[in-house]
Amino acid sequence: MKKTILLLFICSAFALQFCSTSKKALADKNKMPTVSYAKDVAPIVAARCSPCHFPETGKKLPLNTYEAMVTNVDYVLGRVQLPRDDPHFMPWKSKKEPLSDSLIQVIKLWKDQKMPM
C-alpha cells in the first residue's frame, strides 16, 4: 500500500512538470513589475526632490529629467540610503520626509531594469 501511494505521488509530480499552466503560474509569480521613469520614478523625484533639485527654483544638482536621473541614479541612491545624521544624507535640512524603503526599492528596481523611459 505504501509503495502504491509513493508511486502515485511520483507519477503525479512527474506529470505536473509538463503542465503548461503550472509553468505559467510559476513564471508569473517570479516576474517583477516593470518600472518606468515616467510612470514611477518621475513622480517620486517631483514629490521628494523639488524644489531643491529642479532648476527653475533650486540651486542643487538638477534631477528633473530622465537624462539627469539616468546619469545620477547611483548618486541619488547612495545619498537617500545614508544614515539620517550623516551630513550627506538626502533630503538634507529639508522639511520633506526621507524616502521610504518602498520608494527606494522602486528606484533600485528601475535601475535594475536598465532604466526604461
Side-chain angles (χ1 to χ4, degrees):
M1 180 70 173
K2 289 182 181 179
K3 287 182 180 182
T4 305
I5 293 173
L6 180 61
L7 183 60
L8 183 60
F9 177 75
I10 292 171
C11 289
S12 297
F14 181 75
L16 284 176
Q17 78 177 351
F18 297 107
C19 178
S20 64
T21 305
S22 297
K23 286 181 182 179
K24 185 179 184 310
L26 184 59
D28 289 347
K29 182 180 175 186
N30 293 330
K31 187 176 182 182
M32 296 298 273
T34 301
V35 176
S36 75
Y37 173 79
K39 179 177 62 93
D40 303 295
V41 177
I44 295 170
V45 176
R48 299 302 184 94
C49 305
S50 69
C52 298
H53 292 280
F54 280 61
E56 303 81 38
T57 55
K59 295 180 174 71
K60 308 286 184 199
L61 172 71
L63 297 175
N64 63 321
T65 65
Y66 171 78
E67 292 78 16
M69 277 302 294
V70 167
T71 302
N72 297 293
V73 69
D74 291 323
Y75 172 79
V76 171
L77 285 170
R79 298 285 298 266
V80 300
Q81 295 180 90
L82 290 169
R84 288 186 185 198
D85 60 348
D86 188 298
H88 298 288
F89 173 76
M90 283 290 144
W92 182 73
K93 290 187 178 180
S94 172
K95 293 179 182 175
K96 296 194 183 246
E97 285 291 314
L99 270 65
S100 65
D101 291 340
S102 61
L103 293 178
I104 292 170
Q105 284 305 115
V106 168
I107 298 171
K108 285 181 176 181
L109 186 55
W110 176 66
K111 179 185 173 198
D112 292 345
Q113 293 177 353
K114 309 293 186 238
M115 300 174 271
M117 179 61 160

- Task: Would you list the pairs meeting ring-ring contact (aromatic ring centres under 6.0 Å, His included) in which at least one residue belongs to residues 43-73, sequence neighbours left out?
- Result: Tyr37-Tyr66
- Query: Can you name the nearest heavy-atom pair linking Pro55 to Pro62, along with the distance?
  - Reply: CG-CB, 3.8 Å
- Item | Heavy-atom closest pair, residues Met69 and Val76 | SD-CG2, 4.2 Å
- Message: Just verifying a value: how many Å separate Thr71 OG1 and Leu63 CG, rounded to the nearest 0.5 Å?
- Response: 10.0 Å
- When every non-hydrogen atom of Gln113 is compared with those of Val35, the smallest separation belongs to OE1-N, 2.7 Å
- Message: Do Trp92 and Leu82 sit in one hydrophobic cluster, given that two such residues count as connected whenever their side-chain heavy atoms are within less than 4.5 Å of each other, even indirectly?
- Response: no
- For Val73 and Lys111, the nearest pair of non-hydrogen atoms, with its separation, is CG1-CD, 4.1 Å
- Message: Would you compute the distance between atom CD1 of Ile44 and atom OG of Ser102 and round it to the nearest 0.5 angstrom?
- Response: 8.0 Å
- Do Asn64 and Ser50 touch side chain to side chain, with heavy atoms closer than 4.5 Å? no
- Query: Considering all heavy atoms of both residues, which atom of Lys96 and which atom of Arg48 are nearest to each other, and what is their separation?
  - Reply: CD-O, 3.5 Å
- Note on the structure: Sorted by chain and number, sequence neighbours left out, ring-ring contact (aromatic ring centres under 6.0 Å, His included) with Tyr75 holds for none
- When rounded to the nearest 0.5 Å, the distance separating CG of Leu109 from CG of Asp40 is 8.5 Å
- Item | Spacing of CE belonging to Met115 relative to CD belonging to Glu67, to within rounding of 0.5 Å | 12.0 Å
- Message: Just checking Asp112: does its CG atom have more than 12 heavy atoms from other residues, nucleotides or ligands closer to it than 6.0 angstrom?
- Response: yes
- Item | Phe89 with Ile104, same ILVMFWY side-chain cluster at under 4.5 Å | no
- Query: Given Ile107 and Leu99, is the side-chain contact (heavy atoms from CB on, under 4.5 Å) satisfied, shown in steps?
  - Reply: CA-CA 10 Å; Ile107 298 171; Leu99 270 65; 3.9 Å; yes
- Kindly indicate whether the side chain of Lys60, heavy atoms from C-beta on, has any atom under 4.5 Å from the side chain of Met90. no
- So, Glu56 side chain and Pro51 main chain: donor-acceptor pair closer than 3.5 Å or not? no
